Amino acid sequence: MESHRSLSAGEALYRVMVRIRAFENAAETASQGGVSAYGQQAGGAAKVRGPLHLSTGQEAVPAGVCAHLRTSDYLTSTHRGHGHTLAKGADLTRMMCELFGKATGFNGGKGGSMHIADFSVGMLGANGVVAAGLPIAVGAAHAQKLLKQGDDITVCFFGDGAINRGPFLEALNWARVYDLPVLFVCEDNRWSATTASGPMTAGDGASARAASMDIAATQVDGNDVFAVHDTAARLVAEVRSGAGPRLLHALTYRVKGHVSVDLAAYRDPAELAAALETDPIARARGHLLDTGVAAAALDAIENAARDEVDTALAVADAAPWPEASAAFTDVQTTGAGQWL
Amino acid sequence: MAVTTTLSYSEAAVRALQQEMDADPRVVVLGEDVGRGGIFGQYKGLQQQYGAGRVIDTPISEAAIMGAGVGMALAGLRPVVEMRVVDFALCGMDELVNQAAKNRFMFGGQGRVPLVARMPGGIWDASAAQHSQSLEAWFAHLPGVVVVSPSTPQDNHGLLRAALQCGDPVVYIEHKTLWGLRGEVDDTLVVPLGQAARVREGNALTLVSWSKQMQPCAAACDALAAEGIAVDLIDLRTLWPWDRETVLSSCARTGRLLVVHEAVQAAGFGAEIAASAAEATGCRVARLGAPRIPVGYAPLLEAQSRVGVDAIVAAAKKLAG
């Protein structure tokens, strides 16, 4: 795989976003026909089964933030975690294998999309419970502080829906009380499952709640990858310096429904149309072209991502299923085998 | 060399923590009031000895305490997570059930969660419905966790050490009214998880219990012995994995099993043991637990939830007769 360092910073960000989009588009296609509680009929045999939560339109946030992270930094994620995992450096093909439920996936087919994880790059897992990653992140950051792991930090992605759950408040308080090296990143995509977040949220949202706990919060246009990148650079540096927790409130938009088979018919089409005008990938492409990057270079990035994903799909399709016996491993060691 | 001293149930736990914290710098404690020794003295002196970085006072944030414990464990520590009482652990239930218990499996073995969640259980005199519950069956129902419930100072020492060493998430349920119980403790012992203790031997009946309920069971055995009924009394000690071999071999020998627990009888862990014994040995089985009511405050109301000596004796005679 081509190294990020061979590209200019702007092209590298573009490449991360494009790879996420290509991965998720392919996963979405592979999930067509899946069982849905949102109105879509079950159809043919889907390759990617079960809930598939896409981050289409939100790619600038993980790309801009994770550009500043090292492998030794930790990351916790949400149920919408493919972009975070790819941006943190996980192997795309092994991710696709996991979405297909294959033995060669990161989790050996035991987790799937909702629990995508790659501990080898510090990505401690996507989570099926809203806000559940926040306390885990402060625990990981607390361990970094206790173990004196240099200036490594933990980054915690969560959505705007999460700020209405108790663990969000408990985790922010905890992080400030112990001045932990954690960067909270709210991906404010304006939707909480199939309900608009605004009417469900008192006050001014994530940054206001952080400010009330003396955690410096910064709002950013989450569809502008360069703005996210520059703001995250400052916040990550502050957290690394030992200044304590910070919060980045990135305003973006969830282009797709809650899960891949949710057509989001409950949404005002004008809202989506307006959001598509600010698509982060199109904007970044326009900006890069304006600054003199050749269109051919960007086309090459897009083609490479499509090729990479096509290969991943083929590999995942051909990969073996886990053995049935794998259902009984990784449960617990104490009393292993005593299942009944 | 074995050094046997008399310690209380809570002092025995402190001794176990000292030994494990000395042996492994990754062992940390976090929870409300632990710096002051814990509300039952079960952390007494530890913050003075190991510092506030390893014995961490926390806000009243059960979800964050349990969740941070999960994060710490994934990041290489071995946290002891204090929940004050099992009733409050319910405020950290997602973090225990969906996170701690599931992480290792759902991430395909990439992460381990070696944490010990201490959550004192059982009826706490005059403490009413939200401070007196026995919820061990909930946790025994949960794949991924170990469930321990010691009844003596020796076992509270040896089982806590084993729990800290085992590397799996452990729900560790001490009894709220056993803290002052004193007994001999050999602090060189690590009591293996999953191994029951045969407390008395007899052929008329197998009696299985755990935690504080062992006390009325022992008294009932005395009363039964006076009438010539010799009981095989087993302290389960670990509820998951439970010691099938000891229990089932006893049942095969006596042909009769009575399981007694402080928890509500309906859907309690006694049902699991009774059904397993009946399936494996064909023995006659009976259960004795509390009625399915919240624990009341007034003495007479609280007493309705207690499984006393007389009831155990009566159930044993009925089964043995």
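All of these numbers come straight from a predicted model, not from anything done at the bench. Letters go in sequence order (proteins before strands), and every chain restarts at 1.
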Relative to the ring of B/Phe107, is the ring of A/His115 parallel (under 30°), tilted (30 to 60°) or perpendicular (over 60°)?
perpendicular
Under 3.5 Å, side-chain donor or acceptor atoms of residues 120-127 of chain A against the rest of the protein: list the pairs with distances, not counting sequence neighbours.
{"from": "A/Ser120", "atom 1": "OG", "to": "A/Asp118", "atom 2": "OD1", "distance (Å)": "2.6"}
{"from": "A/Ser120", "atom 1": "OG", "to": "A/Asp118", "atom 2": "OD2", "distance (Å)": "3.4"}
{"from": "A/Asn127", "atom 1": "OD1", "to": "A/Val129", "atom 2": "N", "distance (Å)": "3.2"}
{"from": "A/Asn127", "atom 1": "OD1", "to": "B/Gln99", "atom 2": "NE2", "distance (Å)": "3.1"}
{"from": "A/Asn127", "atom 1": "ND2", "to": "B/Gln99", "atom 2": "OE1", "distance (Å)": "2.7"}

Contact origin within [X] toward chain B - heavy atom pairs under 4.5 Å:
| X | answer |
| --- | --- |
| A/Thr329 | backbone |
| A/Ala327 | backbone |
| A/Val331 | both |
| A/Ala137 | neither |

Tell me, out of [options], who's got the most heavy-atom pairs with chain A below 4.5 Å.
| options | value |
| --- | --- |
| B/Asn103, B/Thr58, B/Val113, B/Asn98 | B/Thr58 |
| B/Val28, B/Ile60, B/Val146, B/Val70 | B/Val146 |
| B/Leu193, B/Val170, B/Ile65 | B/Ile65 |
| B/Gly109, B/Gly108, B/Pro143 | B/Gly108 |

Please output the residues of residues 75-91 of chain B in contact with chain A, using a heavy-atom cutoff of under 4.5 Å, in numerical order.
B/Ala75, B/Leu77
Going through the checks in order, is the side chain to side chain contact (heavy atoms under 4.5 Å, CB included) test met by A/His142 and B/Ile56?
CA-CA 11 Å; A/His142 208 136; B/Ile56 305 161; 3.8 Å; yes
Between A/Thr334 and B/Thr238, does the side chain to side chain contact (heavy atoms under 4.5 Å, CB included) criterion hold? Intermediate values first, please.
CA-CA 11 Å; A/Thr334 313; B/Thr238 304; over 6 Å; no
List the atom of B/Pro59, the atom of A/Tyr178, and the distance in Å for their closest heavy-atom pair.
CD-OH, 3.7 Å
State whether the side chain of B/Gln110 and the backbone N or O of A/Phe119 hold a donor-acceptor pair below 3.5 Å, judged by distance alone.
yes
Okay, side chain of A/Glu170, backbone of B/Ala63: is any donor-acceptor separation there less than 3.5 Å?
yes
Which residues, numbered in order, of residues 157-167 of chain A come under 4.5 angstrom of chain B by heavy-atom distance?
A/Pro167
Listed by number, the residues in residues 96-108 of chain A that come under 4.5 Å of chain B (heavy atom to heavy atom) are A/Phe106, A/Asn107
